[in-house]
Structures are given as structure tokens and as C-alpha cells.
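One structure below.
Every number for a ligand or one of its atoms is a count from 1 in the order of the listing.
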Amino acid sequence: MSDARIIDGKAIAAQVRAEVGGHVANLKRDHGFVPGLAVVLVGEDPASKVYVKNKALQTVEVGMKSVEHKLPAETSEAALLELVGALNRDATIHGILVQMPLPKHIDSLKVIEAIDPMKDVDGFHAVNVGRLSIGERCLVPCTPTGSLILAKTVMPSLKGLDAVVIGRSNIVGKPMAQLLIKEDCTVTIAHSRTRDLEAVCRRADLLVAAVGRPEFVKGSWIKPGAIVIDVGINRITGADGKGKLVGDVDFAEAVKVAGSITPVPGGVGPMTIACLLKNTLEAAQMQHGLEVKSFGQA
Ligand code: GUN
């Protein structure tokens, strides 16, 4: 069998951003405002700093207003909650993202719940989680949204597929399952305690790996021809002693079996920020009482 089709997340993310950029230009022309995104970073986590910098660059690139709040690691929970409150009240800010993880002395859930659900562009607030679970319009977490868009570039209708999501996190696994239910898939959420995980995965027409373990899913676990979406981003030391990024799927093995597969890097990763910008656009449209223009198939 020939190798799997490689799903080009970088190119598809660029399309999503271009589409967002077009809508932003229209808002500016027709309604005289641009969407604003505030990103709050507490502390000095190096990976978080890179994400935040990339977010700011891409926000400006699509024509939106970008505001960054970089706070020291010792910032109190009360001070952070106060900042979130001020951003909730700021009419020029339509999206608020507090970068996770937060320092241990801060209760992340309390911070998430303090964000106005209309501005919760991460889709982490219980109001958005609840609305997603009843299939209502809401702000949906960015990584699952991006993963779904990628799967639908291969197969526009996922109706009736057996989908297996490995991972049950609030950020990826659970919302991914909700989105796939909405697409009429038969969904299984598997995780580290699942019995005979390999056999469960082998039933999947669509396999989403979000476990956070490098190259965990082997080629022999994949149904021939399946769509494989690899959400993992793991930094490991390669054979040459240098650091490299790998997914949760053993790509070299999987590419021989799958029908299509996302690479790491260049698969789901670039989609996350693109979908954050899409959420910010939709949040701004909602807050101005405008029709939310859906695009990007998800
Ligand atoms: N840290 C890593 N990914 C994310 C994300 O999508 N949102 C937030 N808020 N923090 C993160």
C-alpha cells in the first residue's frame, strides 16, 4: 500500500487566517471596529512565552488588536482576577486568553470562571462547555476545532464513522468527542486505563491521539486507511542527540498504514492559533450583535 496522504496543517491554518483576515477587514469597513484579543501570561515558562509571542504576531497579521499582559510569577490570584475583570469591562477587547498552566498558588478554574463566557476564546468556561455538550452555538476549544477542520479536509462528511479519541482532557479529549458526536460519528473516548487500547484503536476510522506521550500509538494499532489526527507535541532527544518534536503517534510506522495523517510539527499545531483567531472574530461578532459568519467547515 502507498504511504498515507500527509495533511498539511500549516497550509490549512494559513487559509483559515486568510479567511479571518477578510472578515476583520469587512468589520472595520462596515462597522468601524476591529476585534481585540488580550493574552495574559503569568510567570516565565519558556514554552508559554513562545506561544504567546506567536499568538500576538498572528493576531496583528490578521488585522486585529493584540494586547499582552505579562505578569510576574508571584502575581496574586486576586490581582489576576482583577485584571480579568477589567478586560471583561473593556469594550475594545472581545477575546481573553489566560495562558495555562498558571503558577500553583493560583486556582486556574477560578480564573477561567471569572472570564466573561462571551469573551472566553479558549472555550474553557463552564457555560461554553455546557453549551457545547447540548450542541448549542458557543466558543469551542481551539485545538479540537482545528483537529476537526483537518479531518474534514480529507472527508467532508464524517457521518457514521467510528471515531476513537485517546485522551480525556477538558482541553482536547472531551470537547473533541463532543464535536465528533455532532458530526454523527460513533465516538469512543479511550485513555490510559482503557482495556486493550490497541484493539480499541484498530476499530477507528478516525483516530485522534491526545495523550501527551511521545510516539505512543504504533502502526499496528491503526486500521488500514484510517484518518489519523495527532494532537501531541512532545520534545524528545533524537538519535543524533539533538532535541526534536514528535507527536503521540509513531509517524514513521503510522504513515505506512493510515489513509491520511497529520505530521508533527506542521499538523494540528498551527491550527490552534488560527482557530483562536477564528474564535476571537466570532466573539467580536457576537458582542456587536452581528451575524456570526461560520467558515472553515467547523
Ligand atoms: N497552554 C497551552 N495551550 C493552551 C491553550 O490553548 N490555551 C491556554 N489558555 N493555555 C494554553
- Task: Enumerate the protein residues lying less than 4.0 Å from ligand 1, judged by heavy-atom distances, in chain and residue-number order.
- Result: Leu97, Val98, Gln99, Met100, Asp122, Phe124
- Message: Looking at every heavy atom in both Ala274 and Arg17, which two are closest together, and how far apart are they?
- Response: CB-CG, 4.0 Å
- Query: Minimum heavy-atom separation for Val121 to Leu139, with atom names?
  - Reply: N-CD1, 4.2 Å
- Would you check, one step at a time, whether the test side chain to side chain donor-acceptor pair (under 3.5 Å) holds for Lys49 with Gln99? CA-CA 9 Å; Lys49 278 167 99 167; Gln99 184 70 25; over 6 Å; no
- Item | With Val34 via side-chain contact (heavy atoms from CB on, under 4.5 Å) - residues at least two apart | Val24, Lys28, Lys65
- Note on the structure: Taking every heavy atom of Leu81 against every heavy atom of Ala114, the minimum-distance pair comes out as CD2-CB, 3.7 Å
- Message: Parallel, tilted or perpendicular, judged at 30° and 60°: which one describes the rings of His288 and Phe33?
- Response: parallel
